[in-house]
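Below, each value reflects all heavy atoms present in this structure, side chains not excepted, and no hydrogens, waters or symmetry copies. We name chains A, B, ... by the order of the sequence lines, and we start the count at 1 in each one.
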Protein chains: 2
Amino acid sequence: MSEGVEWALHSCVNLAWSGPDRAVSAARLAAWHDLPAAYLNKQLQALARAGILTSSPGPRGGFRLARPLAAVSLMDVVAAVEGPEEAFRCAEIRRRGPGADGPTAEGAAADCAIAHAMSRAELAWRKALAAQNLDEIRQQAERQAPEAPQRLRAWLAAQ
Amino acid sequence: MSEGVEWALHSCVNLAWSGPDRAVSAARLAAWHDLPAAYLNKQLQALARAGILTSSPGPRGGFRLARPLAAVSLMDVVAAVEGPEEAFRCAEIRRRGPGADGPTAEGAAADCAIAHAMSRAELAWRKALAAQNLDEIRQQAERQAPEAPQRLRAWLAAQ
DNA sequence: GCCGGTCTACTCGGATACCGGATGTCCGAGTTGTGTAGG
DNA sequence: CCTACACAACTCGGACATCCGGTATCCGAGTAGACCGGC
């Protein structure tokens, strides 16, 4: 699992705390958690391409949420950063070597019992991710650290 | 997801088809699907360390199942090959930089809302993997290719 | 014929290279606000 | 004083290095069977 997923999730919550009125640059978000700014920028670009954030260039520019946190699921962020393809990709080794049980047919991957079983488990994972949205994450974080939003806004204003 | 997981799963089913009376070497299992023998051997070693297979050296040696397929879950194989640690490991970036909301405490990872949410999804994945055992996989594969076990045994005998 | 010893072939097991992708860094295109000169 | 223009600073966006883990390979330790010589 890519490190960027964790950064992206924290950044989204931080953007929500910052408020929708002004954009926050990748450099600010990175400094808040002492991350490499240019690399975080790369991840935020992926979120922008996925339609989760909007970006604006120039001074006073930066990133802001494209839609409310409640409309962004964990799955959206993971798919944006990690890519949409499945983690377990069946290489169809059945079809190679002496053990090949027939000519290589199109769409045969669905017939592989192993690929099917792994796919089922991965579907459960994706479903669990899709069932949780970032607003729930934000609420839980605020319950554990109620002063966090205010502290972030104050720090951003002081920059 | 490591490629070796797929190889390990196929190899376990093939070992079941081969029968419990004789061991099968990594070279034979690899040739059956045209895989690199030495690397497959590495994965089988991991399965042996995990107690899923037993290994015996020398001529007539090789690997065999340590217990019935019904007693081996997909989770067991994945954990043996990929390692037991979670795919998403929280780096606790909250605790670094100006955004740190307090001194770094032991066991604070459980408090991170993001880590908790990701952990929940990964738990669903692990549960789905643990719910399926390799004997079910074997039965499904036999339904789709009933001649597969006999073909494998014949090929092994001819070697 | 039977037994003991040796020898070979085959196996796993771990140590050793190689490579692609994640990680990290850098510079250019574009925009916004500002300062300034002119009317 | 107001306006238009040039400038400078700051931002994203993508192109360019670097590092690490999965991938692939090789060689050594050990064992089981086979072969041979002796009894």
Side-chain angles (χ1 to χ4, degrees), chain A residues 1-8 11 15 18 22-31 33-66 78 80-83 85 87-89 91 93 96 156 159, chain B residues 1-8 11 15 18 22-31 33-66 78 80-89 91 93 96 156 159:
Chain A
M1 171 74 52
S2 176
E3 181 93 4
V5 172
E6 185 181 358
W7 301 359
S11 295
L15 281 175
S18 164
R22 65 181 168 198
V24 183
S25 74
R28 302 263 186 282
L29 286 171
H33 286 308
D34 195 21
L35 301 175
Y39 191 36
L40 177 62
N41 188 26
K42 197 181 181 63
Q43 315 296 345
L44 297 179
Q45 282 175 36
L47 294 182
R49 270 193 297 271
I52 298 172
L53 305 182
T54 60
S55 65
S56 43
R60 314 278 294 177
F63 294 91
R64 69 187 72 194
L65 290 169
V78 170
V81 174
E82 293 277 293
E85 66 276 4
F88 181 88
R89 51 188 164 76
I93 65 173
R96 303 207 313 253
L156 284 175
Q159 289 293 309
Chain B
M1 172 73 53
S2 178
E3 181 91 4
V5 172
E6 184 181 359
W7 303 357
S11 295
L15 282 174
S18 163
R22 65 179 167 198
V24 183
S25 73
R28 300 265 186 282
L29 286 172
H33 285 308
D34 194 22
L35 301 174
Y39 189 37
L40 176 63
N41 187 27
K42 195 181 178 66
Q43 315 296 343
L44 296 179
Q45 282 177 35
L47 293 182
R49 271 192 296 271
I52 298 172
L53 305 182
T54 60
S55 64
S56 45
R60 315 278 294 177
F63 295 92
R64 67 187 74 193
L65 290 169
V78 170
V81 174
E82 292 276 295
E85 66 276 3
E86 295 198 0
F88 181 88
R89 52 187 164 75
I93 64 174
R96 305 207 313 253
L156 283 176
Q159 289 293 311

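Across dG30(C), dG13(D), dC12(C), the shortest atom-to-atom separation from the side chain of P59(A) is found for dG30(C). Here dC12(D) is the nucleotide among dC12(D), dG33(C), dC12(C) with the atom lying nearest to any side-chain atom of N41(A). Of the candidate nucleotides dG33(D), dT23(D), dG13(D), dT23(D) has the atom nearest to the side chain of S2(B). For P36(A), the listed nucleotide lying nearest its side chain is dT25(C); candidates were dC12(D), dT25(C), dA24(D). Counting only heavy atoms from C-beta on, S25(A) has its side chain closest to dT11(D) among dT11(D), dG33(C), dT11(C). Residue E3(B) places its side chain closer to dT23(D) than to any other of dA24(D), dT23(D), dT11(C). Distances from the side chain of P57(B) to the nucleotides dT25(D), dC26(C), dC12(C) place dC12(C) closest.
Atoms CZ and OG, from F63(A) and S18(A) in turn, are 13.5 Å apart once rounded to the nearest 0.5 Å.
In this structure, S55(A) reaches the dG13(D) phosphate: one of its side-chain N or O atoms is under 4.0 Å from OP1 or OP2. For the pair R28(B) and dC10(C), the criterion of a side-chain N or O lying under 4.0 Å from OP1 or OP2 is not met. OP1 or OP2 of dT11(C) has not a single side-chain nitrogen or oxygen of R64(B) nearer than 4.0 Å.
Here the C1' atom of nucleotide dT23(D) and the CD atom of Q43(B) are 9 Å apart, to the nearest Å. In this entry the distance linking NZ of K42(B) with P of dT25(D) reads 13 Å, nearest Å. Residue M1(B) contributes atom CE, which lies 15 Å from atom C1' of dG21(D) at whole-angstrom precision. Counting to the nearest Å, the P atom of dG13(D) and the OH atom of Y39(A) are 17 Å from each other. Atom pair Q45(B):CD and dC27(D):C1' shows a separation of 13 Å (rounding to whole Å applied). Between the CZ atom of R22(A) and the C1' atom of dC10(D) there is a distance of 16 Å, given to the nearest Å. When rounded to the nearest whole Å, the span between CG of L44(B) and P of dC12(C) equals 8 Å. What separates CG of D34(A) from C1' of dG24(C) is a distance of 14 Å, to the nearest Å.
A side chain to side chain contact (heavy atoms under 4.5 Å, CB included) with I52(B) is found for exactly one of L44(B), L47(B), V81(B), namely L47(B).
Heavy atoms of A27(A) sit nowhere under 4.0 angstrom from any nucleic acid atom. Using a 4.0 Å heavy-atom criterion, one finds that A23(A) contacts no nucleic acid atom at all.
Between A30(B) and A37(B), the shortest heavy-atom distance links the atoms CB-CA, 3.5 Å. When all heavy atoms are compared, the tightest approach of L40(A) to A26(A) is CD2-O, 3.9 Å. Between A23(A) and R60(A) the shortest heavy-atom distance is CB-O, 4.2 Å.
Comparing E82(B) and A37(B) along DNA chain D, the residue whose closest nucleotide (by nearest heavy atom) sits nearer the 5' end is E82(B).
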message: The test is side-chain contact (heavy atoms from CB on, under 4.5 Å); show your working for R89(B) and E3(A) and say whether it passes.
response: CA-CA 8 Å; R89(B) 52 187 164 75; E3(A) 181 93 4; 3.7 Å; yes

